[in-house]
Amino acid sequence: MYGGNQSEVSEFVLLGLAHSQDIQIILFMIFLMLYLLIMSGNIVIMILITTDHHLHSPMYFLLANLSFVDMWLSSVTTPKMITDFLRENKTISFAGCMSQIFFAHFIAASEMALLVVMAYDRYVAICKPLHYFTIMSLKRCTGLVLTSWTIGFVHAMSHLAVIVQLPFCGSREIDSFFCDMPLVIKLTCMDSYELDILMNADCGLVAVTCFILLLISYTYILLMVHQSSKAGASKALSTCSAHITVVMIFFVPCIFIYVWPLNITWVDKFLAVFYSVITPLLNPAIYTLRNKEMKNAMKRFTGFNKDTKGNP
């Protein structure tokens with residue numbers, strides 16, 4: 001399609017986040033700790049929701065799926081970044097690079113769609129409370145989650161189908177800690193301007209569409225909350241504010257990397273770290289610290305909320 005022979009490309013060189021060995025050791029310890037917190041925090045959420053019957057509801061079913069997605073979102077790039085801090089030659093094979101691009105877009109797009117599903121869940125719960133469990137049945141929830149994964153898969157395949165055919169030549173250096181599509185495109189033996197526009201449009205179709213749907217959903221929800229009773233409004237507003245916070249910290253970096261790129265290297269690296277490490281770390285904290293039912297479930301799980309039968 002584009003000419004050239006991709007089989008000649010064996011590996012790429014990742015320049016990483018820093019060049020100083022001392023700084024890399026510090027970053028190794030920081031990101032290793034953050035990654036362990038991400039994995040443990042999201043695993044705890046999934047265990048709580050699975051084992052505590054008080055949390056067997058559509059909202060928490062979707063939250064467990066979000067935690068599962070967040071674990072994979074971080075695992076696509078973070079383990080490689082952590083191990084590279086201890087390596088002098090930070091290389092990645094061509095197949096490994098393509099895999100990172102595929103799974104990064106697969107999981108990120110799936111999470112965007114899943115956040116829309118979670119907004120729909122809150123819309124039904126607040127605007128149609130009497131029909132909530134009928135509309136958000138387990139079958140429908142499962143179907144919506146599978147749909148979000150399908151959207152992510154189709155989006156990722158549309159990128160992979162193009163990028164694996166590109167002719168690469170010259171520099172193999174990628175100025176980041178993982179293979180990111182815009183940076184890999186710059187290494188091709190062709191004018192990448194039109195391809196950049198095409199790929200940004202593809203990302204924008206998913207990101208902007210989901211973001212607009214979320215803005216409309218939560219605007220409508222907040223208007224409905226404003227008209228409801230104070231008691232119900234307080235709980236609904238607390239839940240929605242947590243959702244909106246997660247949406248903002250996930251979508252803003254993605255938009256400035258893929259849809260409206262700033263093309264400032266250190267800013268792009270910061271945003272990439274933010275959405276691949278910080279966002280999966282913040283999500284468990286936001287949903288547990290601001291959710292009374294999750295905190296109670298944690299107490300029950302750890303044994304702090306002991307049975308007080310026979311006590312006065």
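By convention here, the first residue in the shown sequence is residue 1. Values below: every heavy atom of this structure, side chains too, minus hydrogens, waters and symmetry copies.
In this structure, the side chain of Gln100 does not engage the main chain of Gly96 through any donor-acceptor pair within 3.5 Å. In terms of modelled atom types and a separation under 3.5 Å, the side chain of Ser40 and the main chain of Leu37 share a donor-acceptor contact. For Asn42 (side chain) and Ile38 (main-chain N/O), a donor-acceptor pair under 3.5 Å exists by modelled atom type. In this structure, Asp180 contributes its side chain and Pro182 its backbone to no donor-acceptor pair below 3.5 Å. Judged by distance alone, the side chain of His56 and the main-chain N or O of Thr50 form a donor-acceptor pair under 3.5 Å.
Cluster membership check: Phe256 does not share its hydrophobic cluster with Leu205, using side-chain heavy-atom separations under 4.5 Å among Ile, Leu, Val, Met, Phe, Trp and Tyr. Following chains of ILVMFWY side-chain contacts shorter than 4.5 Å, one cannot reach Leu15 starting from Ile185, and the two form parts of different hydrophobic clusters. Cluster membership check: Leu166 does not share its hydrophobic cluster with Val13, using side-chain heavy-atom separations under 4.5 Å among Ile, Leu, Val, Met, Phe, Trp and Tyr. At a threshold of 4.5 Å between side-chain heavy atoms, the hydrophobic network of Ile, Leu, Val, Met, Phe, Trp and Tyr places Ile23 and Met33 in one connected group. The hydrophobic clustering, which links ILVMFWY residues whose side-chain heavy atoms are closer than 4.5 Å, places Ile30 and Val273 together.
Looking at heavy atoms from C-beta onward, Tyr35 lies in side-chain contact with Ile82 at the 4.5 angstrom threshold. By the 4.5 Å heavy-atom criterion applied to side chains, Leu73 and Phe250 are counted as neighbours. In this structure, Ser276 and Ser74 have side chains that are not in contact, with every pair of non-hydrogen atoms separated by 4.5 Å or more. Side chains of Met59 and Met136 form no contact here, defined as non-hydrogen atoms less than 4.5 Å apart. Put simply, the side chain of Leu160 does not reach to within 4.5 Å of the side chain of Ile101, judged on heavy atoms. Counting heavy atoms from C-beta outward, Phe177 and Leu14 have side chains that stay 4.5 Å or more apart. Inter-residue side-chain proximity for Val246 and Met118 is flagged as unmet; no heavy-atom pair is nearer than 4.5 Å. The closest side-chain heavy-atom distance from Met298 to Val44 is below 4.5 Å.
Taking CZ from Phe31 and CG from Leu36, the interatomic distance works out to 13.5 Å, rounded to the nearest 0.5 Å. Taking OH of Tyr60 as the start and CG of Leu66 as the end, the distance is 13.5 Å to the nearest 0.5 Å. For the atom pair CD1 (Ile278) and CZ (Phe270), the distance works out to 7.5 Å, reported to the nearest 0.5 Å. How far CG of Leu114 is from CD1 of Ile151: 10.5 Å, rounded to the nearest 0.5 Å. Distance check, rounded to the nearest 0.5 Å: OG of Ser217 to CG of Leu222 gives 10.5 Å. Rounded to the nearest 0.5 Å, atoms OG1 (Thr188) and NZ (Lys186) are 11.0 Å apart.
Tyr132 is linked by a ring pair (Phe, Tyr, Trp, His ring centres under 6.0 Å) to nothing, counting only residues two or more places apart in sequence or in another chain. Residues passing the ring pair (Phe, Tyr, Trp, His ring centres under 6.0 Å) test with Phe251 are Phe211, sequence neighbours excluded. With sequence neighbours left out, Tyr218 forms a ring pair (Phe, Tyr, Trp, His ring centres under 6.0 Å) with no residue at all. Legend: residues meeting salt bridge (charged side-chain N to carboxylate O under 4.0 Å, His left out) with Lys90, ordered by chain and number and at least two apart, are absent. Listed by chain and residue number, Cys179 satisfy the disulfide (SG to SG under 2.5 Å) test with Cys97 (two or more places apart in sequence, or in another chain). Listed by chain and residue number, Lys80, Arg87 satisfy the salt bridge (charged side-chain N to carboxylate O under 4.0 Å, His left out) test with Asp84 (two or more places apart in sequence, or in another chain).
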List the steps, then state whether side-chain contact (heavy atoms from CB on, under 4.5 Å) holds for Met46 with Phe68.
CA-CA 8 Å; Met46 290 190 292; Phe68 180 74; 3.8 Å; yes
Verdict with supporting geometry, Trp72 and Phe106, ring pair (Phe, Tyr, Trp, His ring centres under 6.0 Å)
CA-CA 10 Å; Trp72 282 104; Phe106 176 24; 9.7 Å; no
Leu198 vs Asp202, test: side-chain contact (heavy atoms from CB on, under 4.5 Å). Steps then yes/no.
CA-CA 6 Å; Leu198 177 62; Asp202 192 358; 5.9 Å; no
Let me see the working for Leu55 and Met294 under side-chain contact (heavy atoms from CB on, under 4.5 Å), right down to the final yes or no.
CA-CA 8 Å; Leu55 302 180; Met294 286 296 295; 3.7 Å; yes
Would Phe178 and Val76 satisfy side-chain contact (heavy atoms from CB on, under 4.5 Å), going step by step from the backbone distance to the final call?
CA-CA 9 Å; Phe178 74 107; Val76 170; 5.9 Å; no
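Around atom CZ of Phe61, more than 12 heavy atoms belonging to other residues, nucleotides or ligands sit under 6.0 Å away.
Closest heavy-atom contact between Ala109 and Gly152: CB-CA, 3.7 Å. Annotation for Val162 and Ser158: closest pair CG2-O, 3.5 Å, computed over non-hydrogen atoms. The two residues Asp175 and Leu183 have their closest heavy-atom pair at O-CD1, 3.9 Å. Heavy atoms only, all atoms of each residue included: Ala297 and Leu48 are closest at O-CD2, 3.6 Å. Pairing each heavy atom of Ile135 with each of Arg140, the nearest pair is O-CD, 2.9 Å. Considering all non-hydrogen atoms of both residues, Pro280 and Asp70 come closest at CB-O, 3.7 Å.
Between Tyr123 and Tyr220, the ring planes are tilted. Angles from 30° to 60° get that label. His159 and His105 have tilted rings, their planes meeting at an angle from 30° to 60° on a 0 to 90° scale.
Residue Phe85 is tested with Leu27, Ile25, Ile26 for a side-chain contact (heavy atoms from CB on, under 4.5 Å); the sole match is Leu27.
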